[in-house]
Amino acid sequence: MSGEQMTPATELASRYDPKQVEDEFYQYWMDAKLYQAPIVEGKQPFTIVIPPPNVTGTLHLGHALNNTMIDILIRWKRMQGYPTLYVPGTDHAGLATQIRVEEDLRKSGGPTRHELGREGFLAKTWEWKEKYQGTINGQLRKLGVSVDWSREAFTMDANLSKAVRSFFVQLYNKGLIYQGTRITHWCPKDQTALSDIEVEYEEKDSNLWHFRYPLEDGTGYIEVATTRPETMLGDTAVAVNPEDARYTHLVGKMLRHPATGKLIPIIADGYVEKEFGTGCVKVTPFHDPNDFEMGMRHHLEMPQVIGLKGEITELGGKYAGMDRYECRKRIVADAEAEGWLVKIEPHKHSVGTCARCSTVVEPLISKQWYVKMAPLAAPAAKAVESGEIKIVPERFTKVYLHWMDNIQDWCISRQIWWGHRIPVWYCDDCGKQHAAEVDPTTCPHCGSTKLHQDEDALDTWFSSALWPFSTLGWPDKTKDLDYFYPNDVLITGYDILFFWVARMIFSGIELTEKTPFHTVVLHGLIRDSQGRKMSKSLGNGIDPLDVIDKYGTDALRFMLVTGSTPGNDIRFQMDKVEAARNFANKLWNASRFVLMNLEDWDPADAYPEGDYNLTDRWIRHRFNETVKAVDRLLGEYQYGEAARAIYDFIWSEFCDWYIELVKPRLYNKEDASRGAAQETLAIVLEGTLRLLHPFMPFVTEAIWQKLPAQSKPVEIAPEIAKQAGLTELQPSIAVTPYPEALGAWEDNEAANRMGLLVDSIKALRSIRAEFRLGEHAKIEAILMATTPDSQAILEEGRSFIETLGKTASLTIQAAAEVKPENAATAVLAGIEIYVPVGGLIDIPKEIERLTKEANATEADMTKLKNKLGNEGFLAKAKPEVIEKTREEATAFEEKLTSINARLAMLRKL
RNA sequence: GGUCGCUUAGCUCAGUUGGUAGAGCACGUGCUUUACACGCAUGGGGUCGGGGGUUCGAGUCCCUCAGCGACCACCA
């Protein structure tokens, strides 16, 4: 497979078959240890950590997009010579995984989590983790990502768990972690507390139920509206606005609760809006955040009427034991029967649901662990505000800052088993608690050995927040940490900006006193062909492996980054993948052509400058321009535009023009410039492969390996790989230098001259098609140059026009007085083209066609002339813009003159 | 309620210092041209959502309206 052995190109299949090369080359890269990041003292590294996929399942297209984007950047930087590290790994995904494992146990008829017990269940979950981690890693290999597997991490690895404890203890000892008893979101299905951002709000159609609460003294009643009748069992007051004249006289009086019969006070609280509903709010402190606040302010009792499973508690009297929704129905029915239901109003409101299982969450009071956010958020906001961390696209900066500035304390305890257990121990003797990095044996307060650890586990994001440095060894002072931290760029979907990115930033600053990366690149979500979110319930998810199986990894990668704008969602459509597959095939075949024509080329030969003709200079110039564009665009994270630039160069310039133009020289073994043509083909193709490699790693490697070694950069084994101590260096395009623009290849004159020739050839072809001359009929063409320059260019390009224009006879001359009559015409700036078509020409039709063109040309010309007649334009536009406008106007004018002359002649016929 | 995004060719989308609109797919026509029919050539197709403004000049900047979407906050 080495570059020294050239496979005869004739043996290559005429279709690129990804299956033939992908797995083989991935293994080749692994064997060569190309992606093991070297520590090269004195050299600046480039580091990105993978957003660790959850071990809940398999990768989806979003992961494919994410990893493709990262890998492009990583491969680019590696080829630029940076010691480059791409850290792979997975996330234990506490609650999410626990749910999946429990589901799995249920489906297979196995024991429940509680039957297994904590240890047994965790053992099962580790098995699950092994299985899915294996699947995920296999998928990543298929995606061709150049990660350093020797540094693979998992959030529950020993050292990462150590990092978690270290983080916890540091915050605990600083008083930034505390235990609080307050209202928290509770998922009755998953049986755990949730953080604010794990609750998703859904707008739902519901009702506003109006109930009558009678005054104790029998003098009347107050009307209360609620969206949750079941909570009224826990009412401990009814509140009105203190300035609401309708009710001020009632404040302080007692009500007889219609459902419980208990006496509750009417209180005044500014929270109540006079305009909403009836202006009277029932207060249920245990089950509503706002009511809780009021309960605190007014020292109300806080009875719990809904339990942890969403059931009515014993305090619910006759409703005890019912499900919360059953209870709602019963209460409404009772109210109706007993006459205290006033009305039911349809009402839309948003309902909080569990992000994991979509169950409607129950806000209730419980004792949980919290991180005090204010002191952590301030520096994290500042880092972004000051530009120390840049967010791409920039608009997300505002989203980030708004969240940071309004952040609530973070509930980090979860009533689950799978995850990092909270490192707090309680002493059974003295009752005190402490946090410890290493499991303690004695109580530091009283010396007792009777300790027990907190039962809860930490929110999974508590550990992923440390990912940029925990994967590198933190809290130990490792070489990796020293060298590769801070990371450089963080690339992820905008959907986890708060969950993950924000938390990495504040924890990184808190623990390492550095921002964990300098740039955050956010990408959009992959949607289905109809723009819907891909989801399990819709069944519209697509497995990346299926796409790869059908079209190849490179096609999938290319499709994912093409034709989209940074940060915008992407619609996944198979025909886009197909187009990308076709592109890979196009490149494959162009390369096959090049290789076929290189078999007798001696790469050692050098050629005099004169052997390189206009097309050689032109294609090198165009390649050079493409290199410049790609460099700029990748630097701005504009993957789509960069990919498009390469695509256009390969297809529309190298294949459509250069290869076609070079054929006669290759096929004529006597042609003196044949060697120069072969060399240009080889070198431009080789450079193009390197340019494209980060996007399409497999096909470029497969072709590159077949190119003769001498066409490749001398330094195929880069210094960094050597310094990494890689003994068995295998050649690979992955470690070649990325193309850089060469001043020597810049040639605007060649570009201009080629432009004229291309236009002439296109005009000839157009006439051929329009007049149905037949695809293969050799035609007669007369090209008249209306400027001395254009005549020289046409002469220089004569053979190209003959070949690609398929002319039997080609006359190039200065503009003549007498012009051909029965000829189809095309008029360019500086050139008139005549193709005698004899009886084929339909004079009225030709007059009509030319008249149309004359009108269009005149319109264009007038537009430009008006511009040039505008004093403001002349005074204020940039000189080069004015100059360009002048040239164009002149060109249009010349063209118009030619067309009109032609028309005048035709009309005489 | 607040913030942000989108609205460009039949469809899906590019278009980042403002200088006469592009791609892929689809469509019409012609091609077994010795790299490729996953191809070649050649066409048709757009008042860049509406309105206003800034400017010599606006798809591009500002304001406004409309439709769609996302996120944040919140509603007893």
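In this text the structure is predicted, and so the values were computed from the model without any measurement. Just so we're on the same page: letters track the sequence lines, and every chain starts at 1.
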Between [Y] and [X], is the closest basic N to carboxylate O distance under 4.0 Å?
X: A:R228; Y: A:E362; result: yes
X: A:E880; Y: A:K884; result: no
X: A:K19; Y: A:D549; result: yes
X: A:D554; Y: A:R581; result: no
X: A:K274; Y: A:D244; result: no

Whole angstroms only, please: what is the [atom1]-[atom2] distance between [X] and [N]?
X: A:Y400; N: B:C72; atom1: OH; atom2: P; result: 16 Å
X: A:F873; N: B:A58; atom1: CZ; atom2: P; result: 12 Å
X: A:D656; N: B:C31; atom1: CG; atom2: P; result: 20 Å
X: A:F292; N: B:A76; atom1: CZ; atom2: P; result: 18 Å
X: A:E770; N: B:A41; atom1: CD; atom2: C1'; result: 14 Å
X: A:R15; N: B:A37; atom1: CZ; atom2: P; result: 7 Å
X: A:I703; N: B:A35; atom1: CD1; atom2: P; result: 16 Å
X: A:Y658; N: B:C40; atom1: OH; atom2: P; result: 19 Å

Touch check for [X], heavy atoms < 4.0 angstrom, all strands: base, sugar-phosphate only, or nothing?
X: A:K762; answer: sugar-phosphate
X: A:Q638; answer: base
X: A:K348; answer: nothing
X: A:G640; answer: nothing
X: A:R581; answer: base
X: A:I659; answer: base
X: A:F583; answer: nothing
X: A:V399; answer: nothing
X: A:W651; answer: sugar-phosphate
X: A:E641; answer: sugar-phosphate

Would you say the side-chain atoms of A:K282 and A:T284 include a donor-acceptor pair closer than 3.5 Å?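 Judged by distance alone, the side chains do pair up.
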
Looking only at side-chain atoms of [X], point me to the closest of [options].
X: A:P566; options: B:A41, B:U16, B:A35; answer: B:U16
X: A:R772; options: B:U29, B:U12, B:C38; answer: B:U29
X: A:T565; options: B:G15, B:G19, B:C72; answer: B:G15
X: A:K586; options: B:A35, B:A76, B:C38; answer: B:A35

Can you check nucleotides 24-26 of chain B for protein contacts, nitrogen or oxygen pairs under 3.5 Å, and list what you find?
residue	atom	partner	partner atom	Å
B:C25	O2'	A:D575	OD2	3.3

A correct dot-bracket answer for RNA chain B, with pairs being Watson-Crick or G-U at under 3.5 Å, [ ] for crossing pairs and | for inter-strand pairs, is (((((((..((((.....[..)))).(((((.......))))).....(((((..]....))))))))))))....

Validation: residues 397-404 of chain A side-chain donor-acceptor distances under 3.5 Å, sequence neighbours left out:
residue	atom	partner	partner atom	Å
A:T397	OG1	A:E394	O	2.8
A:Y400	OH	A:A380	O	2.8

Scan residues 565-574 of chain A for pairs that pass side chain to side chain donor-acceptor pair (under 3.5 Å), counting only residues two or more places apart or in two chains.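 Sorted pair list: A:R395-A:N568, A:Y494-A:D569, A:R527-A:D569.
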
Whether A:S564 contacts B:C13 is assessed here as follows: a side-chain N or O lying under 4.0 Å from the phosphate OP1 or OP2. Is that the case?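 Checking B:C13 against A:S564, no side-chain N or O comes under 4.0 Å of OP1 or OP2.
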
Under 4.0 Å between a side-chain N/O of A:K398 and OP1 or OP2 of B:U3, yes or no?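 Negative; the distance criterion is not met.
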
Test your reading of the model: is there a side-chain donor-acceptor pair from A:D288 to the backbone of A:D291, 3.5 Å cut-off?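 Looks like yes, one N/O pair under 3.5 Å.
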
Of A:H347 and A:F892, whose closest RNA chain B nucleotide lies nearer the 5' terminus?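 On the 5' side of the pair lies A:F892.
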
Within residues 268-278 of chain A: residues closer than 4.0 Å to RNA chain B (heavy atoms):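 Hits under 4.0 Å, by residue number: A:Y271, A:V272, A:E273, A:F276.
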
Validate the cation-pi geometry between A:K663 and A:F593: distance from NZ or CZ to the six-membered ring centre under 6.0 Å, angle to the ring axis within 45°.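 So A:K663 does make the cation-pi contact.
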
Identify whether NZ of Lys or CZ of Arg in A:R765 sits under 6.0 Å from the centre of the six-membered ring of A:W657 and within 45° of that ring's axis.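 Here A:R765 passes the 6.0 Å and 45° test against A:W657.
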
Are A:F558 and A:F583 an aromatic pair, judged by ring center distance below 6.0 Å?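 Yes, they do, as the ring centres are separated by less than 6.0 Å.
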
Taking atom types as they are modelled, is there a donor-acceptor pair under 3.5 Å from the base of B:A73 to the side chain of A:Q408?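 Under the 3.5 Å cut-off, the side chain and the base do not form any donor-acceptor pair.
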
Under-3.5 Å N/O pairs linking protein and nucleotides 5-10 of chain B:
none

Between [N] and [M], how many Å separate the two [atom1] atoms, rounded to a whole number?
N: B:U3; M: B:G46; atom1: C1'; value: 32 Å
N: B:C61; M: B:G22; atom1: C1'; value: 22 Å
N: B:U17; M: B:C74; atom1: P; value: 41 Å

